[in-house]
Amino acid sequence: MRGTLPLAFAGLLPLTRNTERDMKKVITRFAPSPTGHLHIGGGRTAIFCWLLARHFGGEFRLRIEDTDSERSRQEYTDSILASMKWLGLDWDGELTYQSRRLDVYNSYVDKLLASGHAYWCDCSPEEVEAMREVARAKGEKPRYNGRCRERGLGPGEGRVVRLRVPDEGRIVFDDMVKGHIAVDVAELDDMVLRRADGMPTYNMAVVVDDHDMGVTHVLRGDDHVSNTPKQILLYQALGFDLPTFGHVPMILGPDRQKLSKRHGARAVIEYEQDGLLPQALVNYLVRLGWSHGDQEIFSMDELVHLFDGTSLNSAAAAFDPEKLQWLNAHYLRETPPARIAEMVEPFMEKKGVSLDRGMLEKLVPLYRERSANLVELAEDMALYQPGADVECEEKAAKSLTDEGKGHIAALRGIFAGLAEFDEASLEAAIHEYVEKGGLKFKQVGPPLRAALIGRAGGPSVHLTLCALGREESLRRLDRVLA
RNA sequence: GUCCCUAUCGUCUAGACGGCCCAGGACAACGGCCUUUCACGCCGUCAACGCCGGUUCGAAUCCGGCUGGGGACGCCA
């Protein structure tokens, strides 16, 4: 039996138009392990898988890989699902939990045992580690030495089941994004399929699940390329048809190092908290590693239409927070004010700010192009909190000279007497005051703005006055004059 | 250490068939315009084919080597 396994060969299934109609229904999956929040790397992979399925009118399945009972937590599963929803990714069918399929994995392990593709092993972790050391010392790849291969062991306490890897040959497959990949089986070792505690290992569970779920396209992170040959061996041993594999590159930090805590936000939930719009994150992530000519902005519909699994970059890309912010600012300007008002309210609440809806909707159009995200927007909205004594920034305070205060006092009287406190009347009133006094607007605008919102920049003063309303405007002017 | 993957502006990238590329777009930076301010918007500037060989009339595009970067070598996923 040994060394006689047929060599694996995963035929290329190019996603081109001519083969599209011949292909069976595309089924993709995203399979996170609930040991942390959904990170942007995983998020991007999920988006790609989702897009591929939606583009071809197939199915997108979600599977929770919780075979590591030590580290898996329900709260992370919840968090991942919440992030998926926030990103706008819906999935088909029931959620699959690997922890509930232990019997299935074990029945396949039994089949492999029966067919001679796998064997029991009683080597302790320490012994195996020693074997690896020996190999390393010889300049070889550290691996298990196959000690129990021919011992004919049966089940027993502390024993694991290992795959019997062929003695020679090459595993060859064509990756959707990386192209032709070939690995010598000598690089692989007899990996554990079933742990001593009866739980399946990652590679075992993945192969069984992907097969059972009918997955046709396994799109996943770059860090799994070296698992693929091992999994192909398992597909072969189990007699399963091979899916098409695709490995998308990792996302690097701005310094081109592996993304880590040092780089700030990594989880999609953090970006949500940072006030980003989901569409901006999706657009950014997709564009990182995939392109369509010179196009930068893509709607979800466009992505579904355009994303067919080609044009994926094969080299790792560095994450650029500035471009993300730029995209976010873009989407902020595109989103209807009422919708933005709705989204910014939770952020205002966090700051203890609450404006009535009418005022908020008046303010949003004035501020959305001055903010890159909802946190900044909320900060600006805080300036309008009725009754708030806004602290005046230094740059603005400079305009509150005696002359400036004189203008404020004069205008205060005019505003108080206005029949209508609306945009047109306010603009006209200020205009008239400037004209009649032979003044420059520069002498009047800045001090007014400083008195009202304590800032040197912002919307036109008459719009600010109008948004604040007569009562609050006069209160703020009086505060400066006092 | 071993194996796998990878290599165009600071960053994300365009670049089927080698000539249309003294390399295009976007972010950032810088300068300007617009604007009563701050933004937005608009215009412009700076800036790259890692290195060495080879193939060719001609290479960012093909081949080889080098170097750089990433990943993997678990009873983690």
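In the text below, chain A, chain B and the rest are named by the order of the sequence lines, each starting its count at 1. Just the heavy atoms: all of them, side chains too, but no hydrogens, waters or symmetry mates, feed the values below.
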Partner of B:U37 by Watson-Crick or G-U wobble geometry, both contacts under 3.5 Å, or none? none
Nearest-neighbour nucleotide for the A:Asn313 side chain, B:A77, B:U13, B:C5 considered: B:U13
How about CD on A:Glu391, more than 12 heavy atoms from neighbouring residues, nucleotides or ligands closer than 6.0 Å, or not? no
Answer yes or no: does atom CD of A:Glu70 have more than 12 heavy-atom neighbours from other residues, nucleotides or ligands under 6.0 Å? no
Is any side-chain N or O of A:Thr201 closer than 4.0 Å to OP1 or OP2 of B:A77? no
How long is the line joining CD of A:Gln257 and C1' of B:G71, in whole Å? 13 Å
Is atom CZ of A:Arg147 surrounded by more than 12 heavy atoms (other residues, nucleotides or ligands) closer than 6.0 Å? yes
Rounded to whole Å, please give me the gap between CD in A:Glu187 and P in B:G74. 12 Å
base_contact_polar (B:A77 base, A:Asn227 side chain, donor-acceptor, <3.5 Å): yes
Polar pair under 3.5 Å, donor/acceptor by atom type, side chain A:Arg143, base B:C73: no
Classify the nucleic acid contact of A:Ala137 as base, sugar-phosphate or nothing, counting any heavy atom under 4.0 Å across all strands shown. nothing
Angle class for the A:Tyr271/A:Phe319 ring planes (parallel below 30°, perpendicular above 60°, tilted otherwise)? tilted
Here's a test of your reading of the structure: between A:Ser314 and A:Lys138, which maps to the more 5' nucleotide of RNA chain B? A:Lys138
With rounding to whole Å, what would you report as the distance between B:U61 and B:A14 at their C1' atoms? 13 Å
With both distances under 3.5 Å as the test, what is the Watson-Crick or G-U wobble partner of B:U67? B:A7
Tell whether A:Glu369 reaches the base of B:G41 with its side chain through a donor-acceptor pair below 3.5 angstrom. no
What distance, rounded to whole Å, do you find between the two P atoms, one in B:G70 and one in B:U8? 14 Å
Taking only the side-chain heavy atoms of A:Arg287 (C-beta and beyond), determine which of B:U2, B:G25, B:A28 contains the nearest atom. B:G25
Any donor-acceptor pair under 3.5 Å linking the side chain of A:Arg162 with the backbone of A:Asp190? yes
Report yes if at least one side-chain N or O of A:Gln325 is closer than 4.0 Å to OP1 or OP2 of B:A28; otherwise report no. no
Considering every strand shown, what is the Watson-Crick or G-U wobble mate of B:U55 when both distances are under 3.5 Å? none
Among B:U6, B:G70, B:C12, which nucleotide has an atom closest to any side-chain atom of A:Ala315? B:U6
Can you tell which of B:C3, B:C27, B:C12 lies closest to the side chain of A:Ala317? B:C12
Rounded to whole angstrom units, what separation is found between the CZ atom of A:Arg162 and the P atom of B:C75? 6 Å
Examine the base of B:G24 for any acceptor or donor lying under 3.5 Å from a partner atom in the side chain of A:Asp294, and report the outcome as yes or no. yes
Pairing partner of B:G18 (Watson-Crick or G-U wobble, both distances under 3.5 Å): none
Pairwise C1' distance for B:G18 and B:G54, with rounding to whole Å: 15 Å
Counting heavy atoms from C-beta on, name the nucleotide in B:A39, B:C73, B:C5 closest to the side chain of A:Ile181. B:C5
What is the distance, rounded to the nearest whole Å, between atom NZ of A:Lys258 and atom P of B:C5? 20 Å
Here the distance between atom P of B:A77 and atom CG of A:Asp66, to the nearest Å, is 10 Å
For B:G1, what is the paired nucleotide under Watson-Crick or G-U wobble rules, both distances under 3.5 Å? B:C73
Selected nucleotide, minimal atom distance to A:Arg71 side chain, candidates B:U13, B:C75, B:A77: B:A77
Integer-rounded Å distance: B:U6 P and A:Ile251 CD1: 18 Å
